[in-house]
Visitor: 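Here it is, the structure, as structure tokens.
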Amino acid sequence: MAVPFNHREVENKWRKRWEEKTVNPKDPKKPKYYCLDMFPYPSGSGLHVGHWRGYVISDVWSRYKLIQGHYIIHPMGWDAFGLPAENYAIKMGVHPAKSTADNVKHIKEQINQIAALYDWDMEVNTTDPNFYKWTQWIFVKMFKAGLAYEKEMPINWCPSCKTGLANEEVVGGVCERCGSPVTKKNLKQWMLKITAYADRLLNDLDKLDWPEKVKKMQTDWIGKSYGAEVDFPVDGREEKIRVYTTRPDTLYGATFMVLAPEHALAASLATPEQKEAVDAYILQAANKSSVDRLQNKEKTGVFTGSYAVNPLNGAKVPIWLSDYVLADYGTGAIMCVPAHDDRDFEFAKKFDLPIIQVIAKDGVEDPDLQEAYVGSGVMINSADWSGQDSEKIKQEAPHILEERGIGKKTVNYKLRDWVFSRQRYWGEPIPIVHCPHCGAVAVPEEQLPVLLPEVESYQPTGTGESPLAAIDEWVNTTCPQCGGPAKRETNTMPQWAGSSWYFLRYVDNKNDKELVNREVADKLLPVDMYIGGVEHAVLHLLYSRFYTKFLCDIGVIDFDEPFHKLFNQGMITGKNGIKMSKSKGNVVSPDDLVRDYGCDSLRMYELFVGPPELDSEWDERGIDGVYRFMTRFWNLVMDNKDKNVPASKEMEKIRHRMVNDITSRLESFSLNTVISGFMEYNNKMIDLAKKEGGIDRETLETAVIMLSPFAPHIAEELWEQLGHTDSVFHQENGWPKCDEEMMKDDEVEIPVQVNGKTRCVISLPADVSKEDALKAGEEAVASRISGKIVKEIFVPGKIINFVVK
RNA sequence: GCGGAUAUGGUGGAAUUGGCAGACACGCAGGAUUUAGGUUCCUGUCUCUCGCGAGGUAUGGGUUCAAGUCCCAUUAUCCGCACCA
């Protein structure tokens, strides 16, 4: 009797072996392959089976590339600054540095259970001064390049997290992190000019092998639009009001104008009769939270009493204020064409303003317009434009306006600059010194890092000041420029600061002279494959692209996109698709499963549970099926390894087909069907081995090699049992290859249909001629044919169909 | 409201280019082994029908010799954006 399958013994044995000698030695002769996981923040709750999935996927891919002959860069680190770590620390009443260190230790142990190829020599931690020195260094470089600037303005403020937020961190009016409604707060903030990169961030998406969904989300977030700015003089005054429109073709239909309540001219446009109402409206708008603004879509507004002049036809149009116009997009003022814009239509109906149709689908005006017509058509009521195609006018209008000196062609973006300061303790101090004489001065590079000081109270103050502001001896310093007394910037950076560039540091994490050595970077970067959840589509992934482009521009690296290929894995949820969380009590820990079924079986089941890109419900029971497969495969190899049976034609066919199927499924990331493929071919091999009295060595070895990225321990053991002394991951010939000729059957089964319904299946030579096939098919279904055959279809290898009348 | 994705047995899910729907597993049922339970092995398992056969991939149409797959409309669920002029 062969050695029975004992996952615990096998796994313990190989863990030790791999510790003694890595299977992924740095070999400069091999081409690199950089496969990266989104690094976790070390929370106190540890890993559940959902966290495993992404790490298993990336490890399977890494090991596959390893066997193909690459040197694998597969690092792991800790995104340990930021709100989650700090909130956890506050909750548990310990210093964030302490709780972070404890959590890192714990999660590292849990990650090691996965038996991934992680190279811990490359480990980084964003809270390590040797790391955040370079996070600060990048900020200084951006400051010097004019990309980091201070501005006082109303920003998104989370009253629960007690800090300002970037636009990207506000989802549907609530804080992305804690779900509290976001308010506005007027604060002096550090901003990063990500808008300077808007076009490159947009255009370079084309270069990336990313899911279309993520590209689209970024495209929409950047929100580029083409249109025109048009100046409307204010009737009887000197000022002009500039508006932005994407529909200059509808200019003759502009019947009123709306300014955002925050517009600079809003108050001064009020006539004496309207002043009281206007002031009240401006005040009311200022107190409205963003959630109110989102939830209550009923249009409100107030007439200023003033009029503007349509520069094209001299028409006088009333100027209104309304909060449906955003102050910080375009010019904060719009011309309103109710006939051709839904929002303007609604506003015009509510306040009984005139509606002039200027485009008609068929050129005929609708006297009773019930809704805005936003499509294209023939221009009407538009002086010399009338009768022309509206799309043509849309293209030409900006130039016409420019010629007449009343407007110009313009481009606008939804993307806003990045609010970069946080009023919290647990982050990188912003390396700036405020000097009464010199203003904001960057801390000299040789003085970096600006260490995060120890404090008694690291709880957020909620006042808009960081807890750091209370530490006088830290705040008070000298100006690096003039030497006079000065104060340190007390805001910290957002969590995204470290994660925007950490992937560059892994490959040179001990370098204290440079962020990354250029030669090393040229050789080992960028990331070839990035694996993580979709939740960072416009946060981390946009910020990282921005940072990478900047670092490329200043010559630190020579590529301007960080992640060549991106894969978003779906979530593993609890019952009924509910996200696993401690509070829901539906968290499944991998610990028991690893103990009872082994790491390899859990790895396999993580993939088998469903398509990797979709969410999957965790169903504990299914893992039995994977475990049974492992046992059967183990027994198959053990029972046959010493038989030295020659390869039969039939067995060779199975082998080549197995290589073909498994490889193509793996290449297309259909990992759940790779696992079912292993099961299927295992059953086939078992059946045939029974019939033929054994199974040849090459087939066994091929199966073991292909299983090794998925179940590395068991594959190594079986490889050794098959008589090899080197690791299964070191294959001179790379990944198993298949020969299409060897996969072919001599005889093929072909269904024969009558009127599209299968009547029988016949066996024919693979290279049968059309005539012979049809003849054989007709004979086979002769008894089922009652009428006259009007059409005969033969698709080689697929189908025979007779159309009968 | 706009945009995107998804919809297949009791369950998770398979199905290159349109070519035998339900692979592979879970579960369930029956049997063998076992003192018994568990394990393991074998058989069955879309629905209706004793059977022949018929029907069947969210719903309704269409294209085709042939549709889960392509086209049109509808419904449901999930995700993204949400007054961006």
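Every chain is numbered from 1, with letters handed out A, B, ... down the list of sequences. Computed from a predicted model, the values in this text were never measured in an experiment.
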Visitor: Phe347(A) CZ to G1(B) P: how many Å, rounded?
Guide: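 Going from Phe347(A) (CZ) to G1(B) (P), I get 23 Å.
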Visitor: So, is G55(B) syn or anti if syn means the angle is within 90° of 0?
Guide: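 Classified anti.
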Visitor: Can you check the Glu346(A) CD to C2(B) P distance for me, whole Å?
Guide: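 Atom-to-atom, Glu346(A) to C2(B), this comes out as 14 Å.
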Visitor: Run the numbers on Tyr324(A) and Asp344(A) for side-chain hydrogen bond (donor to acceptor under 3.5 Å, both in side chains), then give the verdict.
Guide: CA-CA 10 Å; Tyr324(A) 85 88; Asp344(A) 298 350; 2.8 Å; yes
Visitor: Applying a 4.0 Å non-hydrogen cut-off, can you work out what Lys414(A) is touching in the nucleic acid: base, sugar-phosphate, or nothing?
Guide: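 Since a base atom lies under 4.0 Å of Lys414(A), the category is base.
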Visitor: For Gly622(A) and for Ile334(A), locate the closest nucleotide of RNA chain B by heavy-atom distance; then report the residue assigned to the nucleotide nearer the 5' terminus.
Guide: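 Mapping each residue to its closest nucleotide by heavy atoms, the 5'-most match is Gly622(A).
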Visitor: Any side-chain N or O of Arg759(A) less than 4.0 Å from the OP1 or OP2 oxygen of C20(B)?
Guide: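 The answer is no; no side-chain N or O of Arg759(A) sits under 4.0 Å from OP1 or OP2.
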Visitor: Across all strands, who's sitting opposite G10(B) as a Watson-Crick or G-U wobble pair, both distances under 3.5 Å?
Guide: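 Because both required distances fall under 3.5 Å, G10(B) counts as paired with C26(B).
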Visitor: Taking the P atom in each of U39(B) and C46(B), what is the distance between them to the nearest angstrom?
Guide: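 Those two atoms are separated by 24 Å.
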Visitor: Testing the 3.5 Å rule here: is there a donor-acceptor pair between the side chains of Tyr252(A) and Asn310(A)?
Guide: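 No - no donor-acceptor pair under 3.5 Å links their side chains.
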Visitor: Taking 4.0 Å as the cut-off, does a side-chain nitrogen or oxygen of Asn660(A) come that near to OP1 or OP2 on U16(B)?
Guide: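 The answer is no; no side-chain N or O of Asn660(A) sits under 4.0 Å from OP1 or OP2.
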Visitor: What's the CZ-P distance between Arg621(A) and A25(B), to the nearest Å?
Guide: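 Rounding to the nearest Å, CZ of Arg621(A) and P of A25(B) are 17 Å apart.
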Visitor: Give a yes/no verdict on a cation-pi contact between Lys350(A) and Phe347(A), requiring under 6.0 Å between NZ or CZ and the six-membered ring centre and an angle within 45° of the axis.
Guide: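 The answer is no; the distance or angle limit is not met.
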Visitor: Regarding Phe608(A), tell me which of base, sugar-phosphate or nothing describes its non-hydrogen contacts under 4.0 Å with the strands shown.
Guide: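 Answer is base: heavy atoms of Phe608(A) come under 4.0 Å of a base.
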Visitor: Look through every strand shown and name the nucleotide pairing with G1(B) as Watson-Crick or G-U wobble, where both distances are under 3.5 Å.
Guide: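 Looking at the geometry, G1(B) pairs with C81(B).
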Visitor: Just N and O in the side chain of Arg628(A): are any of them under 4.0 Å from OP1 or OP2 of U40(B)?
Guide: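 Yes, such a contact exists.
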Visitor: Hey, are the side chains of Lys184(A) and Asn156(A) touching, using non-hydrogen atoms and a 4.5 Å cut-off?
Guide: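 Result yes, sub-4.5 Å side-chain heavy-atom pair found.
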Visitor: Say you pick atom C1' in G4(B) and the same atom in G22(B); how far apart are they, in whole Å?
Guide: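 One C1' to the other, the span is 28 Å.
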Visitor: What distance, rounded to whole Å, do you find between the two C1' atoms, one in G18(B) and one in G9(B)?
Guide: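 Straight-line distance between the two C1' atoms is 24 Å.
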Visitor: Suppose we define a pair by two distances each less than 3.5 Å, Watson-Crick or G-U wobble; what does G55(B) pair with here?
Guide: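 By the stated definition (distances under 3.5 Å), C46(B) pairs with G55(B).
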Visitor: Parallel, tilted or perpendicular: which one describes the rings of Trp320(A) and Phe303(A), with boundaries at 30° and 60°?
Guide: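 The arrangement is tilted - the two ring planes meet at 30° to 60°.
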Visitor: Assign Asp344(A) to base, sugar-phosphate, or nothing according to its heavy-atom contacts below 4.0 angstrom with the strands shown.
Guide: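 No contact.
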Visitor: Please compare Lys690(A) and Ile793(A) by the position of their nearest nucleotide in RNA chain B and report the one closer to 5'.
Guide: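 Result: Lys690(A).
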Visitor: From the set C20(B), G13(B), G55(B), return the single nucleotide nearest to any side-chain atom of Ile799(A).
Guide: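 Among the listed nucleotides, the one closest to the side chain of Ile799(A) is C20(B).
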Visitor: From OH of Tyr605(A) over to P of G13(B), roughly how many Å is that when rounded to an integer?
Guide: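 Distance, rounded to whole Å: 10 Å.
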Visitor: Below 3.5 Å, does any donor atom in the side chain of Lys299(A) face an acceptor in the base of C83(B), or the other way round?
Guide: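 When only heavy-atom distances are counted, Lys299(A) does reach the base of C83(B) through a donor-acceptor pair under 3.5 Å.
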Visitor: Is there a donor-acceptor pair closer than 3.5 Å between any side-chain N or O of Asn167(A) and the backbone N or O of Arg416(A)?
Guide: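 No, the answer is negative, given that no donor and acceptor are paired below the 3.5 Å cut-off.
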Visitor: Looking across every strand, which nucleic acid part, if any, lies under 4.0 Å from Gln753(A) by heavy atom: base, sugar-phosphate, or nothing?
Guide: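 Gln753(A): base contact, heavy atoms under 4.0 Å.
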Visitor: Would you indicate whether the side-chain heavy atoms of Ile406(A) and Asp231(A) approach each other to under 4.5 Å?
Guide: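 No, their side chains stay 4.5 Å or more apart.
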Visitor: With no hydrogens and no angle check, just 3.5 Å: does a side-chain donor-acceptor pair link Asp417(A) and Thr195(A)?
Guide: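 Thr195(A) and Asp417(A) do have a side-chain donor-acceptor pair below 3.5 Å.
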Visitor: Indicate, with a heavy-atom threshold strictly under 4.0 Å, whether Ser225(A) touches base, sugar-phosphate, or nothing.
Guide: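 Answer is sugar-phosphate: Ser225(A) comes under 4.0 Å of backbone atoms only.
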Visitor: Quick one: label Asn801(A) by what it contacts on the DNA or RNA (base, sugar-phosphate, nothing), any heavy atom closer than 4.0 Å.
Guide: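 Asn801(A): base contact, heavy atoms under 4.0 Å.
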Visitor: Let's see if you can work this out: which of C83(B), C24(B), C79(B) has an atom nearest to the side-chain heavy atoms of Lys213(A)?
Guide: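 Among C83(B), C24(B), C79(B), the one nearest the side chain of Lys213(A) is C79(B).
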Visitor: Tell me whether the side-chain N/O atoms of Asn672(A) come closer than 4.0 Å to OP1 or OP2 in A14(B).
Guide: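 For A14(B), OP1 or OP2 has a side-chain N or O of Asn672(A) closer than 4.0 Å.
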Visitor: Would you classify Asp342(A) as touching base, sugar-phosphate or nothing, given that sugar-phosphate means primed atoms plus P, OP1 and OP2, and contacts are heavy atoms under 4.0 Å?
Guide: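 Here Asp342(A) touches no strand at all.
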Visitor: In whole Å, what separates the P atom of G62(B) from that of G56(B)?
Guide: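 One P to the other, the span is 14 Å.
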Visitor: When you look at NZ of Lys737(A), are more than 12 heavy atoms from neighbouring residues, nucleotides or ligands closer to it than 6.0 Å?
Guide: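 Yes, NZ of Lys737(A) has more than 12 neighbouring heavy atoms, counting only those of other groups under 6.0 Å.
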Visitor: Taking only the side-chain nitrogens and oxygens of Lys791(A), find out if one of them lies under 4.0 Å from OP1 or OP2 of C65(B).
Guide: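 Affirmative; the distance criterion is met.
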Visitor: Send over the distance from Glu613(A) CD to A14(B) C1', rounded to a whole Å.
Guide: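 Rounded to the whole Å, the gap is 14 Å.
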Visitor: Name the nucleic acid region contacted by Val626(A), choosing base, sugar-phosphate or nothing; use a 4.0 angstrom heavy-atom cut-off, strictly under.
Guide: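 Val626(A): no heavy atom of the nucleic acid under 4.0 Å.
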Visitor: Please report, rounded to the nearest Å, how far the P atom of G80(B) is from the CG atom of Asn568(A).
Guide: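 Answer to the nearest Å: 13 Å.
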Visitor: Using the side-chain heavy atoms of Val803(A), tell me which of these nucleotides is nearest: C65(B), G19(B), G3(B).
Guide: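 Taking heavy atoms from C-beta onward, the closest nucleotide is C65(B).
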Visitor: Can you tell me how far C1' in U57(B) sits from the matching atom in G30(B), rounded to whole Å?
Guide: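 Pairwise C1' distance, U57(B) against G30(B), rounds to 30 Å.
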Visitor: Compare the minimum distances between each of C24(B), G55(B), C83(B) and the side chain of Tyr324(A), then state the nucleotide with the smallest one.
Guide: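 In terms of side-chain proximity for Tyr324(A), the closest of C24(B), G55(B), C83(B) is C83(B).
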Visitor: Nearest whole Å is fine: how far is G12(B) P from Glu617(A) CD?
Guide: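 Checked: the CD to P distance equals 7 Å.
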Visitor: Under 4.0 Å between a side-chain N or O of Arg632(A) and OP1 or OP2 of C41(B)?
Guide: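 True: Arg632(A) side-chain N/O within range (under 4.0 Å) of C41(B) OP1/OP2.
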Visitor: Any luck finding a side-chain donor-acceptor pair between Trp221(A) and Glu168(A) under 3.5 Å?
Guide: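 Distance-only check passes for Trp221(A) and Glu168(A).
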Visitor: Expressed as a whole number of Å, how far does the P atom of U8(B) sit from that of C83(B)?
Guide: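 Those two atoms are separated by 34 Å.
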Visitor: Determine the contact category for Arg416(A): base if any of its heavy atoms lies under 4.0 Å from a base atom, sugar-phosphate if only primed atoms, P, OP1 or OP2 are that close, otherwise nothing.
Guide: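 Arg416(A): base contact, heavy atoms under 4.0 Å.
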Visitor: Would you mind pulling out the nucleotide paired to U40(B), Watson-Crick or G-U wobble, both distances under 3.5 Å?
Guide: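 Partner of U40(B): A32(B).
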Visitor: Val761(A) near the nucleic acid: base, sugar-phosphate alone, or nothing, with a heavy-atom cut-off under 4.0 Å?
Guide: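 Base: the residue Val761(A), judged by heavy atoms under 4.0 Å, touches a nucleobase.
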Visitor: Tell which nucleotide pairs with G18(B), taking only Watson-Crick or G-U wobble pairs whose two distances are both under 3.5 angstrom.
Guide: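 None - no nucleotide pairs with G18(B), as no candidate has both distances under 3.5 Å.
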Visitor: Mind checking the P distance from A5(B) to U49(B)? Whole angstroms is fine.
Guide: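 Their P atoms lie roughly 41 Å apart.
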Visitor: Which value, in whole Å, describes the distance between the C1' atoms of nucleotides A66(B) and U11(B)?
Guide: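 Each nucleotide's C1' atom is 31 Å from the other's.
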Visitor: Among the nucleotides A25(B), G19(B), C81(B), which one has an atom lying closest to any side-chain atom of Val171(A)?
Guide: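 Of A25(B), G19(B), C81(B), C81(B) is nearest to the side chain of Val171(A).
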Visitor: Given G55(B), G19(B), C20(B), identify the nucleotide with an atom nearest to the side chain of Thr758(A).
Guide: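 Among G55(B), G19(B), C20(B), the one nearest the side chain of Thr758(A) is C20(B).
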Visitor: Taking any strand in view, what nucleotide pairs with U63(B) in a Watson-Crick or G-U wobble way, both distances under 3.5 Å?
Guide: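 For U63(B), the partner nucleotide comes out as none, under the 3.5 Å rule.
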Visitor: Roughly how many Å is it from CG in Asp639(A) to P in U40(B), rounded to a whole number?
Guide: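 Taking atom P of U40(B) as the reference, CG of Asp639(A) is at 16 Å.
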